[in-house]
S.K.: 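Handing you this structure, nothing more for now.
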Amino acid sequence: MNRRISTSLLAADFASLEEEIARVSTTDLLHLDVMDGNYVPNISFGLPIIQAVRRCSNLPLDIHLMIEKPERYLEDFAQVQPEFITVHYEAVTHLQRTLRAIKELGVKAGVALNPHTPLTGLEYVLDDLDLILIMTVNPGFGGQKFIPTMVEKVKACHGLIGERPIELQVDGGVNLDTIGLLAQAGATNFVAGSAIFQAQDPQEYMAKMRSLMG
Ligand code: DX5
Ligand code: ZN
């Protein structure tokens with residue numbers, strides 16, 4: 001499977017979103033962190049901002065919903081025709097139904113797991129999944145420190161996925177120091193926000209990431 005970089009716009013300067021997106025134009029996907037101040041302590045942005053992103057870029061969008069009961073908003077977010085909509089394992093009661101609903105909207109379905117959430121249960125919904133997101137920090141904020149024990153979890157998840165065409169995404173504290181380990185553990189999709197936007201030359205930084213991604 002092609003390994004991909006998904007740049008998180010959470011670390012961008014929202015006053016110049018169009019220019020910020022141009023600075024990361026060689027990314028494979030744009031990662032959009034929607035936070036509701038309930039499921040996670042922080043509030044970020046919602047559909048109007050994502051629509052604005054869609055107007056200034058043709059890059060595939062990767063929407064990470066850190067919200068309670070995300071099933072209420074799937075149709076709204078599907079309007080921008082993202083490649084992925086990812087919901088949190090801990091925030092939905094009927095995960096399989098929610099994944100089916102995402103796919104019925106013509107969007108690939110992802111599930112995200114907090115650091116302490118076990119992989120248990122995912123084995124029953126693998127056929128409905130296009131992406132598994134292993135959170136490598138506690139969700140809610142950019143710029144946090146990577147949790148090293150997540151490398152073992154990525155390995156276990158890689159084993160669970162086997163040969164299935166499911167992307168294994170990691171998110172939180174991904175940078176040039178951590179990406180190699182994660183790639184070796186089997187991650188195929190790397191979300192990074194602050195590391196890319198704080199680099200003097202984000203395009204050069206992504207090229208370095210690619211050289212370590214395997
Ligand atoms: C955290 C978000 C991340 C965040 C990552 O809750 O899900 O996508 O933007 O930020 P960095 O790369 O700065 O750890
Ligand atoms: Zn995210």
Side-chain angles (χ1 to χ4, degrees), residues 4-14 17 20-21 23-24 27-47 49-50 53 59-68 70 73 77 80 82-92 102 107-117 130-151 153-154 167-183 187-200 202 205-206 208-210 212-213:
R4 303 202 279 174
I5 295 175
S6 190
T7 299
S8 171
L9 279 188
L10 193 62
D13 176 357
F14 294 155
L17 216 39
E20 290 286 78
I21 292 170
R23 281 177 77 217
V24 299
T27 189
D28 300 299
L29 299 140
L30 288 175
H31 181 86
L32 299 156
D33 290 300
V34 179
M35 304 181 186
D36 66 355
N38 189 23
Y39 175 67
V40 286
N42 200 8
I43 298 177
S44 57
F45 50 76
L47 187 62
I49 298 290
I50 296 180
V53 168
L59 282 165
L61 304 182
D62 166 29
I63 300 182
H64 178 190
L65 295 180
M66 283 164 274
I67 64 178
E68 289 289 351
Y73 297 102
F77 287 107
V80 297
E83 178 164 346
F84 295 103
I85 294 180
T86 297
V87 297
H88 264 265
Y89 184 106
E90 309 82 6
V92 283
I102 295 171
V107 179
K108 292 184 188 168
V111 65
L113 271 63
N114 282 342
H116 75 283
T117 303
D130 299 292
L131 176 143
I132 300 174
L133 165 49
I134 303 294
M135 288 304 305
T136 41
V137 298
N138 287 291
F141 303 93
Q144 301 183 84
K145 207 168 159 296
F146 173 78
I147 302 172
T149 50
M150 292 304 105
V151 174
K153 189 173 180 184
V154 171
E167 296 200 32
L168 177 44
Q169 187 174 61
V170 285
D171 181 8
V174 176
N175 56 36
L176 293 180
D177 295 329
T178 54
I179 197 167
L181 269 179
L182 291 165
T188 58
N189 186 312
F190 304 86
V191 177
S194 40
I196 292 175
F197 279 104
Q198 283 169 16
Q200 263 206 333
Y205 194 88
M206 281 189 275
K208 287 185 183 154
M209 285 173 73
R210 288 185 201 286
L212 299 168
M213 265 156 59

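Counting begins at 1 with the first residue of the sequence. Whatever order the structure lists ligands and atoms in, that order sets their numbers, starting from 1. The structure displayed is predicted, hence computed values, not measured ones.
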S.K.: Determine the minimum heavy-atom distance between Leu9 and Phe14, stating which atoms define it.
M.R.: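 Answer, listing the atom of Leu9 first, then Phe14: O-CE2, 3.2 Å.
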
S.K.: Going by heavy atoms, is Ala11 under 4.0 Å from ligand 1?
M.R.: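 Judged by the 4.0 Å heavy-atom criterion, Ala11 does not count as contacting ligand 1.
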
S.K.: So, is His64 polar-close to ligand 1, with some N/O to N/O distance under 3.5 Å?
M.R.: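 Yes; at least one N/O pair falls below 3.5 Å.
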
S.K.: What protein heavy atom is closest to atom 9 (O) of ligand 1, reported as residue, atom name and distance in Å?
M.R.: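 Among all protein heavy atoms, the one nearest atom 9 (O) of ligand 1 is Ser8 OG, 2.8 Å.
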
S.K.: Would you check whether Asp33 reaches within less than 4.0 Å of ligand 1, judged by its heavy atoms?
M.R.: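 A heavy atom of Asp33 does come that close to ligand 1.
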
S.K.: For atom 1 (C) of ligand 1, what's the nearest protein heavy-atom neighbour? Residue, atom name and distance, please.
M.R.: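 Of the protein heavy atoms, Phe141 O, 3.4 Å lies nearest.
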
S.K.: How many angstroms lie between CG in Leu29 and CD in Gln169, if you round to the nearest 0.5 Å?
M.R.: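 Between atom CG of Leu29 and atom CD of Gln169 there are 8.0 Å.
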
S.K.: At less than 4.0 angstrom from any non-hydrogen atom of Gly172, what atoms of ligand 1 do you find?
M.R.: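 With Gly172 as reference, the close atoms of ligand 1 come out as 14 (O).
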
S.K.: Using a distance-only test with no angle check, is there a side-chain donor-acceptor pair under 3.5 angstrom linking Asp62 and Ser6?
M.R.: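 Short answer, yes.
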
S.K.: What is the name of the N/O/S atom in Asp33 that sits closest to the Zn ion (ligand 2)?
M.R.: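 For Asp33, the N/O/S atom sitting closest to the Zn ion (ligand 2) is OD1.
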
S.K.: His88 vs His64 aromatic rings, parallel, tilted or perpendicular, using cut-offs 30° and 60°?
M.R.: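 Answer is parallel, since the angle falls under 30°.
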
S.K.: Under the 3.5 angstrom rule, does the side chain of Gln144 hit a backbone N or O of Asn138 as a donor-acceptor pair?
M.R.: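 A pair under 3.5 Å: yes.
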
S.K.: Identify the closest protein heavy atom to atom 6 (O) of ligand 1: which residue and atom is it, and at what distance?
M.R.: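 Result: Gly140 N, 2.7 Å.
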
S.K.: Below 4.0 angstrom from a heavy atom of Gly143, which ligand 1 atoms are there? Numbered from 1 as shown, please.
M.R.: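 Under 4.0 Å from Gly143, ligand 1 has these atoms: 10 (O), 11 (P), 13 (O), 14 (O).
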
S.K.: Hey, mind stepping through Asn189 and Glu167 against side chain to side chain donor-acceptor pair (under 3.5 Å) and telling me if it holds?
M.R.: CA-CA 6 Å; Asn189 186 312; Glu167 296 200 32; 2.9 Å; yes

S.K.: Could you find the nearest protein heavy atom to atom 14 (O) of ligand 1 and give me its residue, atom name and distance?
M.R.: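 That would be Gly173 N, 2.8 Å.
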
S.K.: Looking at Gly193, which atoms of ligand 1 are within less than 4.0 Å of one of its heavy atoms?
M.R.: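 So the atoms of ligand 1 that pass are 11 (P), 12 (O).
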
S.K.: Please list the nearest protein heavy atom to atom 10 (O) of ligand 1 with its residue and the distance rounded to 0.1 Å.
M.R.: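 Checked against all protein heavy atoms, atom 10 (O) of ligand 1 sits closest to Gly142 CA, 3.6 Å.
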
S.K.: I'd like to know if Asp171 contacts ligand 1, where contact means a heavy-atom distance under 4.0 Å to any ligand atom.
M.R.: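 Distance cut 4.0 Å: Asp171 passes for ligand 1.
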
S.K.: If I take the Zn ion (ligand 2) as the centre, what angle separates the OD2 atom of Asp171 from the NE2 atom of His31? Nearest 10 degrees is fine.
M.R.: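 The OD2/NE2 angle about the Zn ion (ligand 2) sits at 100°.
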
S.K.: Check each of Ala12, Ala195, Ser194 against atom 13 (O) of ligand 1 and report the one with the nearest heavy atom.
M.R.: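 The residue whose heavy atom sits nearest atom 13 (O) of ligand 1 is Ser194.
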
S.K.: Taking only heavy atoms of Val191, which atoms of ligand 1 are found under 4.0 Å from at least one of them?
M.R.: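 Contacts of ligand 1 toward Val191, numbered from 1: 8 (O).
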
S.K.: At less than 4.0 angstrom from any non-hydrogen atom of Met66, what atoms of ligand 1 do you find?
M.R.: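 Heavy-atom distances to Met66 below 4.0 Å select 6 (O), 7 (O).
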
S.K.: Pairs of nitrogen or oxygen atoms closer than 3.5 Å, one from Ala192 and one from ligand 1: do any exist?
M.R.: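 No, no N or O pair falls under 3.5 Å.
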
S.K.: Return the minimal non-hydrogen interatomic distance between Ile196 and Met206, and the atom names on each side.
M.R.: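 So the two residues come closest at CD1-CG, 3.9 Å.
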
S.K.: For ligand 1, which atoms, with element, lie under 4.0 Å from some heavy atom of Pro139?
M.R.: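 Those atoms are 6 (O).
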
S.K.: Quick one: closest heavy-atom pair of Asp33 and Ser44, and the distance?
M.R.: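 Nearest pair, atom of Asp33 first, then Ser44: O-OG, 2.6 Å.
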
S.K.: Between the main-chain N or O of Met35 and the side-chain N or O of Asn42, is there a donor-acceptor pair closer than 3.5 Å?
M.R.: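 No: the side chain of Asn42 does not pair with the backbone of Met35.
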
S.K.: Considering just N/O/S atoms, say which atom of His64 is closest to the Zn ion (ligand 2).
M.R.: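 Per the distance ranking, His64 contributes ND1 as its closest N/O/S atom to the Zn ion (ligand 2).
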
S.K.: Less than 3.5 Å apart, any donor N or O on the side chain of Ser8 or Asp171 sitting next to an acceptor on the other?
M.R.: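 Side-chain D/A pair, Ser8 to Asp171: absent.
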
S.K.: So if I count the atoms of ligand 1 from 1 in the order they appear, which ones are less than 4.0 Å from some heavy atom of His31?
M.R.: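 Numbered from 1, ligand 1 contributes 8 (O).
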
S.K.: Can you name the nearest heavy-atom pair linking Glu90 to Thr117, along with the distance?
M.R.: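 Minimum heavy-atom contact is OE2-OG1, 2.6 Å.
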
S.K.: Report the C-alpha distance between Tyr205 and Leu176 in whole Å, list the side-chain angles of each, state the deciding distance to 0.1 Å, and finish with yes or no for side chain to side chain contact (heavy atoms under 4.5 Å, CB included).
M.R.: CA-CA 8 Å; Tyr205 194 88; Leu176 293 180; 3.4 Å; yes

S.K.: Looking at Val154, Leu133, Leu131, which hits side chain to side chain contact (heavy atoms under 4.5 Å, CB included) with Leu168?
M.R.: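 It is Val154, the one option of Val154, Leu133, Leu131 that forms the side chain to side chain contact (heavy atoms under 4.5 Å, CB included) with Leu168.
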
